[in-house]
J.: 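Here it is, the structure, as structure tokens.
Letters A, B, ... mirror the listed sequences (proteins, then strands); counts begin at 1.
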Amino acid sequence: MRDKAVEKGIYFMNGDHACCEGAIAAGCRFFAGYPITPATEVAERMSIRLPQVGGIYIQMEDEIASMAAILGASWGGVKAMTSTSGPGFSLMMENIGLGVCTETPCVICNVQRAGPSTGLPTNVAQGDMMQARWGSHGHYEIIALSPSSPQEMFDMTILAFNLSEEYRIPVLIMADEVVGHMNERVVIPDIEEIEIVNRAKPHAPPEGYLPYRPGPNGVPILPNCGDGYRIHVTGLTHDERGYPVMTADAQAQMVEHLVNKIVLNREKIIKTTSFYLDDAEVVVISYGITFRSARSAVEQIREAGVRAGLLKLDTVWPFPEELVRSLARNVKALVVAEINLGQMVREVERCAAGRCRVHLVPHHGGAVIRPERIIEGIRAALKRKRNR
Amino acid sequence: MSIVQNFEVFVPKLIEKREFFSPGHRACQGCGEVVALRLVLKALGENAIISNATGCMEIISSAYPHTAWMHPYIHVAFENTAAVASGVEAALKALRRKGKISDRYVKSVGVAGDGGTADIGLQALSGAVERGHDMIFVCLDNEAYMNTGIQRSSQTPFMASTTTSPAGKVIPGQRTEKKNMPEIMVAHRALYVATACPSYPIDLINKVKKAKNTAGPSYLHILSVCPTGWRSPSNETMKLGRLAVETGIFPLYEVEKGKYRITWEVGKRRPVEDYLKIQGRFRHLTPEHIKQIQEKVDREYELLLNKVKYSKSWA
């Protein structure tokens, strides 16, 4: 079975399929999903690939059930994931919150399409970025990644599983329709070259063991169901024993813990890729498929003599606040390109705090942003006198 | 011998001449579902408000300039057809009661595919029927998620190959049996429940009319042949529908207040192989598999005959 999990080689495959291969390479052996354009290909390939490696694919009756099933599977002891798009992502929200609250490792791939509601099922958008951050009720932290190519779909799915296992949290892969459906070269490396993180298991004796006590990195060391420990998993506010405690103090302690395990580890979690930041007077900030347009725009405008830099957000949540703050001190303008009418730009504005101009290159969704529009954006940002 | 020939009561004079679903939509060649929908709307007449789930019928019919609907039409999300139709019905009732609209009787009708009925839509449907709204829910069952590209649903038959229940060397396609939706609806005490197939248009139209005249929740489960998803020749849609009925795989019956009645007697049933062999989704089946399916169909048919024999109206 092991040899079929990582089929080393160079492939021409689409992002959805690359996501499956990344998941299986990362050790995912359970997938629960529901067909939805443009994420259906993930489910389809999983239904073929998982049985080949001794895993289980089940198609659920909806996305609520899909998300709930992977939480159950994760507590059962396997690495689990689901995939969906806009409307399904909305349906998953309550259970994503349950996953955060119960500290359940799992991965959700959202191949974004244009909304709201049914929107444009077959066309691209990046409109779910704030929903990824704040979609479930209550205050919490989340990890979200943004791949910009099929190769990154493979790599980031592995990364997503590693982060979810390490920090015991649902990790979101915020892909989009173009990345999901685009066919490109994907290199699947040798199994030995892939770094895999598995959740820590408790070794303490079951007597007096506190499952939800934070471990050395702030993350609790939890058993799987059936490991011989008494374990009570609940979405109610709970203490270190895992039992519900209905007080404001317990709430404060639990929420602090859920937030801190991500915030205090953010330097280890956050990944960005930067280009030409050293001499830049203007920096384009982008993520996902829009990074591809932004890169082309920055290359072109540099040839024209404008000192432009580029920051790609591999991790969108938690947001790289320190980095953007320091950029804002050193450049004239930050240009944010994204396929929505301004979501991540709010974070950039918050971090820039008026220290430099922030210019948005928006798109309503349905198509990618063309490099020319980003070039225009860069020029406009440099010309503009006042902050918006 | 042609399959379509032995109509007993073909009375075209009684059928509504007007069309409520215009041509020019984008359904696939040989689509059985759109035929079913057209007949349903003919039978409903003009006094109806349609709530339609996301699915094939929404995609092919609603995009401008291919809009085919003559009725007031609400495209809802995937899981909420019955809930929206409940709201429509309740609003009409309230407005009529207050005298704000004319006393014309307008039926609220939910239309969904098998996924929008039996999977993601089941919770909303269960609630709507339990609350007893005066509405019709029509399930156009083409036995998989055809709109997203042929993924299995809970209505996909045993051993059919789909893109998420692919037939391989070890697993011969779908591993579960078709969920019995009409029975679930009978268990909810829906006043009128019926199965239908557009290959039997008069039977279908009569059932829709009956449902329309039922003051309370009624449910129609319509088998809709899908040449694209079933991998069958598009010119044999009507024949496949007939074969589904004649083999006993999809018997035509109705349940009025709990009393079962077969509406189309088939006499001696054909072997299921006749139905399976012209469909690509069953191409991988061995004679042993076909025998298994035959046994299941025999068992189910016998259960149905027992219900016909022993069920009693609760009215």
J.: Mark yes when over 12 heavy atoms from residues, nucleotides or ligands other than A:Glu94 sit less than 6.0 Å from its CD; otherwise mark no.
T.: no
J.: Any chance CD1 of A:Ile56 has more than 12 other-residue heavy atoms, nucleotides or ligands included, within less than 6.0 Å?
T.: no
J.: Below 4.5 Å from any heavy atom of chain A, which atoms of B:Thr163 appear? Answer side chain, backbone, both or neither.
T.: both
J.: Less than 4.5 Å to any heavy atom of chain B: does that hold for the side chain of A:Thr37, its backbone, both, or neither?
T.: both
J.: Between B:Asp119, B:Asn147, B:Thr164, B:Thr148, which has the largest tally of heavy atom pairs under 4.5 Å with chain A?
T.: B:Thr164
J.: Regarding B:Lys178 and B:Glu143, does a basic nitrogen lie under 4.0 Å from an acidic carboxylate oxygen?
T.: yes
J.: Quick one: sort the B:Tyr145 and B:Phe78 rings into parallel, tilted or perpendicular, breaks at 30° and 60°.
T.: perpendicular
J.: Determine the minimum heavy-atom distance between B:Ser51 and B:Val88, stating which atoms define it.
T.: OG-CG2, 4.2 Å
J.: Got a sec, which residues hit side-chain contact (heavy atoms from CB on, under 4.5 Å) with B:Arg131, two or more places apart in sequence or on another chain?
T.: B:Ser86, B:Ala128, B:His133
J.: Are a donor atom and an acceptor atom from the side chains of A:Glu152 and A:Ser148 found within less than 3.5 Å of each other?
T.: yes
J.: Sort by residue number and list every member of residues 61-81 of chain A having a non-hydrogen atom under 4.5 Å from chain B.
T.: A:Glu61, A:Asp62, A:Glu63
